[in-house]
Amino acid sequence: MFTVRNEARAGADFDIDAIALPAMGQGQGGERFADQWSGQLQSEVRDFIENGSDNWASLSPEGAWARQRVNDATLGGSMPYGADQQAFLDSIAPYAQQAAAKLGVAPELVAAHAALESGWGQHPLTRADGGSNHNLFGIKAGKGWQGEVSRALTTEHLDGRDVKRTESFRAYSGLQDAFADYAQLLAGNPRYRGALGAGSNAQAFAQGLAQGGYATDPGYADKLQKVAAGILARKKP
């Protein structure tokens, strides 16, 4: 169910130092200049991120380039959690609470799952007309599904390699129906028993879903756990 829209690595603990910066200059002198320039640029972007600014104009052209590299290397361009991510969490909060109550888990875990599958709502599955189908969890439409269906490109990890193919996904009239169906799917399928009743244990929830076969991505549990841990951490006073 982990679709091509949000394959990038999740990481609330992403390291800005891991971003490769462009090489500048040739020879020993050029290398010293590049080292100095690289350090200043990383400091600029790190300060931009840690201060939570949404003003890209405050960055130099080089800083904006490096900031985009950070976006490209993180889940859905969503690290760290800013105004857009908080707005997404706020928009799904009541539905996440209802689903979480049925599953015996913290609402933050349900919200994290929706964030992972939809790229924080920035890359939702869509209908043929381009409108959202409200399927924030990447739930496929099997033979038993009687509702509306949307077709979308997805990436599956099969036989040790990633395979892109078009699949059918469930479509909903709104978020309330989407979250209700999600809760019913997990609660009604014994495969996901390990994820139920996990409370605030992000690791147990993520591993329960992964072991139940929710996604073919071998790193799925780790990605989900990281997103959930980040949301839970923000909840703490």
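- Applying the side-chain hydrogen bond (donor to acceptor under 3.5 Å, both in side chains) test to N189 and every residue at least two apart in sequence or in another chain returns nothing.
- Applying the side-chain hydrogen bond (donor to acceptor under 3.5 Å, both in side chains) rule to Q211 yields no partners; only residues at least two apart in sequence or on another chain are considered.
- Note: H113 NE2 to I231 CD1 = 11.5 Å, rounded to the nearest 0.5 Å.
- Pairs passing the salt bridge (Lys or Arg N to Asp or Glu O under 4.0 Å) check and including a residue from residues 204-214, sequence neighbours excluded, do not occur.
- In terms of heavy-atom proximity, L103 sits nearest to A183 at CD2-O, 3.5 Å.
- Taking CG of N201 as the start and CD of Q207 as the end, the distance is 8.5 Å to the nearest 0.5 Å.
- Separation of atoms CZ (R234) and CD (Q85) is listed at 8.5 Å; rounding is to 0.5 Å.
- By the side-chain hydrogen bond (donor to acceptor under 3.5 Å, both in side chains) test, S168 is found to be paired with R151, residues two or more places apart in sequence or in another chain being considered.
- Distance check: Y182 OH to K102 NZ gives 13.0 Å after rounding to the nearest 0.5 Å.
- When all heavy atoms of S200 and A106 are compared, the pair lying nearest together is OG-CB, 3.6 Å.
- Of all non-hydrogen atoms in K143 and Q146, the two that sit nearest each other are O-NE2, 4.3 Å.
- For the pair L209/F205, a side-chain contact is recorded, criterion being any heavy-atom separation below 4.5 Å from C-beta on.
- Shown here for L185 and Y192, the closest heavy-atom pair between the two residues is O-CD1, 4.1 Å.
- Listed by chain and number, the residues in a side chain to side chain contact (heavy atoms under 4.5 Å, CB included) with A206 are A221, L224, Q225 (sequence neighbours excluded).
- For S132, the side chain to side chain contact (heavy atoms under 4.5 Å, CB included) test picks out P124, H134, with sequence neighbours left out.
- The heavy-atom pair separating A152 from L125 by the smallest distance is CB-CD2, 3.4 Å.
- From L186, atom CG reaches atom CD of Q184 across 10.5 Å, with rounding to the nearest 0.5 Å.
- Rounded to the nearest 0.5 angstrom, R170 CZ and I139 CD1 are separated by 6.0 Å.
- Considering all non-hydrogen atoms of both residues, A204 and A198 come closest at CB-CB, 4.2 Å.
- By the ring pair (Phe, Tyr, Trp, His ring centres under 6.0 Å) test, Y172 pairs with W145, sequence neighbours left out.
- With sequence neighbours excluded, the residues forming a side chain to side chain contact (heavy atoms under 4.5 Å, CB included) with F179 are I92, Y95, A96, A99, V110, A114, L136, F137, L175, listed by chain and number.
- Take R193 and apply the side-chain hydrogen bond (donor to acceptor under 3.5 Å, both in side chains) test, not counting sequence neighbours, and it matches no residue.
- Residues forming a side chain to side chain contact (heavy atoms under 4.5 Å, CB included) with E148 (at least two apart in sequence, or on another chain): R127, A171.
- Considering only heavy atoms from C-beta on, N133 stays 4.5 Å or farther from T126 through its side chain.
- Within the 4.5 Å cutoff, side-chain heavy atoms of L232 are placed close to those of L109.
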